[in-house]
Amino acid sequence: MNTLYEPAIHFQQVHFSVNDKTILKSITGSFPKGQITTLVGPSGAGKTTLLKLCNGLLSATQGHIRIDQQPISAFEPTALRRHVGIALQAAPMIAGTVWENLALPRTLQGKKLSQQEATQYLEDVGLAKSFLHQSIDELSGGQRQKVSIARTLINQSSILLLDEITSALDRQSVQEIEKLIVTINEKYNVTMIWITHNLQQALTIGHYTWVMMDGELIEAGRSTLLNAPTNPRVAEFIQGANL
Amino acid sequence: MTYTALSLTLIFVCIPLLLSKTLKLGLEKDTLIATVRSIVQLLAVGYILKFVFNANSYSYIFLMVALMIIVATLNARKKGAGIKGITWKIALTLVAIEIVTQGVLLGFHIVPATAQYIIPISGMLIGNSMVLSILFLNRFIAEITSHKNEMELILSLGGTPKQAIHRQLISAIKASMIPTIESQKTIGLVQLPGMMSGQIIGGADPIQAVQFQLLIIFALLTTATLSSIMIGFLSYPVLFNERMQIFNTTNTRGNKM
């Protein structure tokens, strides 16, 4: 990856294995600060594991990860997770209302979220104020994802990890979330790492792309690499995905 | 009761055996094993208790209670085999329950400090605590397995392990305590408790029997609360590592968690 940019996250020979099964092998590379980097590759490539390493839900078995130039181990776990937010794939929620879910990051710190702030965050993700007291069970898939993103924003993370947040949504919701990702990146200058199976999204929205296969980083660079991959495996994968 | 009269009660064993055979339920072998085991175990306990009561020595009482705690611990730990150090956590809980309950009962001279009182009361409380520990561990592991996403969500937002597991812990504690509380609401209306019935049949004054039964059900409330809360709060920290990550939870059958 282009090293002209300051890295938000840097991996140096990172391995991850669980129960003697290797998930990630020798990952070396960086996610540029303030940019949107997409992670693409077939299922089982280790993309979600890589994201979970970035906010400390998992720890690398070998190698070094630096977040904003600091070794990841220098961060206290709860501080790291507020600094590097993650929107999980299934948009898990706690039982209750949209309000309770939005307030969760603050509640965990013993603080309160004002109604005004909650409304502002909802508007930021394109949801009306009327959703605030709606039950989580009444939301559509797209609305859940928006609440999940808004909730992550409340911690004011400078790095945001997005795990296949558009994979189960209808076309209109996908477009809305895509627009939202660009807006958040520009408005809050948040570094975003986004796992997607949609290569068109990676090409049009992502500034940079990592292509991962079988736990390895195969190719990384500007998203335009997807138009002209140098690696034959990547070329085959892109052809199969009908970009 | 004479042994001749007791042997006649085996008719109650013959009825299920005959019905099982006729209806091909296939329960004859298990029924016979259960019958033989209950005869041997209860007679053995009867003779041991007779010996301990006659000896009236505190060392024998201590040994009996220790044996109860060991057997109850070994039985309950199977349900939480995936939780590191579950054996000593259960044992510690049962010891604490024994100390608290006997401390109150003997300390305030509510019952005499003799084997005749200490052993049966300990048996009832430890046995109840064992069942509750099993109920709690079953529910706790099921809650963790089915709500792993929610726990991961709270950790991912900067929550601590205690915050991440709070709902599952409270839910399991409540679920394991509800049967004790509910059964006490209808006590005496639907069925007479075993100990009370035993005393009445043995010729005791029904009011005296009720008083002892009340003592037991009040103590059971303490054991129910203490056992699930103690095991819960002793167990949850080992489900996370020092980086506040969830250990790999695989299943509810006590494998690696």
Side-chain angles (χ1 to χ4, degrees), chain A residues 16-19 21 23 48 51-60 65 72-73 75-96 100-111 136 144 147-148 150-157 160-163, chain B residues 80-84 139-178 232-233 235-257:
Chain A
F16 181 79
S17 56
V18 63
N19 297 337
K21 192 183 170 207
I23 312 286
T48 298
L51 282 200
K52 288 185 176 177
L53 291 181
C54 296
N55 86 331
L57 282 176
L58 297 171
S59 290
I65 301 174
I72 198 164
S73 55
F75 288 84
E76 198 260 326
T78 54
L80 171 68
R81 288 164 190 164
R82 284 178 198 133
H83 185 68
V84 185
I86 186 167
L88 297 159
Q89 187 179 356
M93 297 281 153
I94 55 162
E100 285 166 282
N101 273 277
L102 285 180
L104 185 59
R106 293 275 174 87
T107 314
L108 294 172
Q109 296 179 66
K111 295 177 186 166
I136 281 301
R144 267 177 88 99
V147 172
S148 168
R151 189 175 53 193
T152 317
L153 291 176
I154 287 166
N155 270 339
Q156 295 179 319
S157 311
L160 204 51
L161 314 168
L162 310 169
D163 189 359
Chain B
I83 299 172
K84 201 176 157 195
R139 180 65 183 252
F140 190 44
I141 291 169
E143 284 281 333
I144 292 168
T145 311
S146 61
H147 291 94
K148 199 182 165 197
N149 279 349
E150 202 179 300
M151 288 164 58
E152 196 173 60
L153 165 74
I154 291 171
L155 291 176
S156 77
L157 291 170
T160 61
K162 192 177 177 184
Q163 289 171 324
I165 209 159
H166 181 77
R167 283 181 188 230
Q168 288 66 45
L169 191 59
I170 297 301
S171 169
I173 289 172
K174 279 169 82 173
S176 63
M177 285 175 61
I178 284 170
F233 279 89
S235 299
Y236 89 81
V238 300
L239 302 175
F240 301 86
N241 64 17
E242 73 288 351
R243 291 295 294 169
M244 297 188 184
Q245 295 160 345
I246 307 172
F247 276 119
N248 185 26
T249 48
T250 49
N251 60 40
T252 58
R253 296 185 192 279
N255 293 337
K256 183 178 165 54
M257 281 197 51

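Chain letters run A, B, ... following the sequence lines, proteins first and then strands; every chain starts at 1. All heavy atoms count here, side chains included; hydrogens, waters and symmetry mates do not.
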At what distance, to the nearest 0.5 angstrom, does [atom1] of [X] lie from [atom2] of [Y]?
X: A:Thr107; Y: B:Ile154; atom1: OG1; atom2: CD1; value: 10.0 Å
X: B:Ile246; Y: A:Leu58; atom1: CD1; atom2: CG; value: 9.5 Å
X: A:Lys52; Y: B:Glu152; atom1: NZ; atom2: CD; value: 3.5 Å

- request: Might you point out which heavy atoms bring B:Ser156 and A:Leu88 nearest each other, and give the distance in Å?
  value: OG-CD1, 4.2 Å
Side chain to side chain, [X] and [Y], heavy atoms closer than 4.5 Å:
X: B:Arg243; Y: A:Pro77; answer: yes
X: A:Ser59; Y: B:Gln245; answer: yes
X: A:Leu104; Y: B:Leu157; answer: yes

Given a strict heavy-atom distance threshold of 4.5 Å, which part of [X] is in contact with chain B: side chain, backbone, both, or neither?
X: A:Ser73; answer: backbone
X: A:Leu80; answer: side chain
X: A:Ala79; answer: neither

task: Anything in residues 160-170 of chain B with a heavy-atom distance to chain A below 4.5 Å? Please list those residues in order.
output: B:Thr160, B:Gln163, B:Arg167
- line: If you tally heavy-atom pairs under 4.5 Å between each of A:Arg151, A:His83, A:Met93 and chain B, the highest tally belongs to A:Arg151
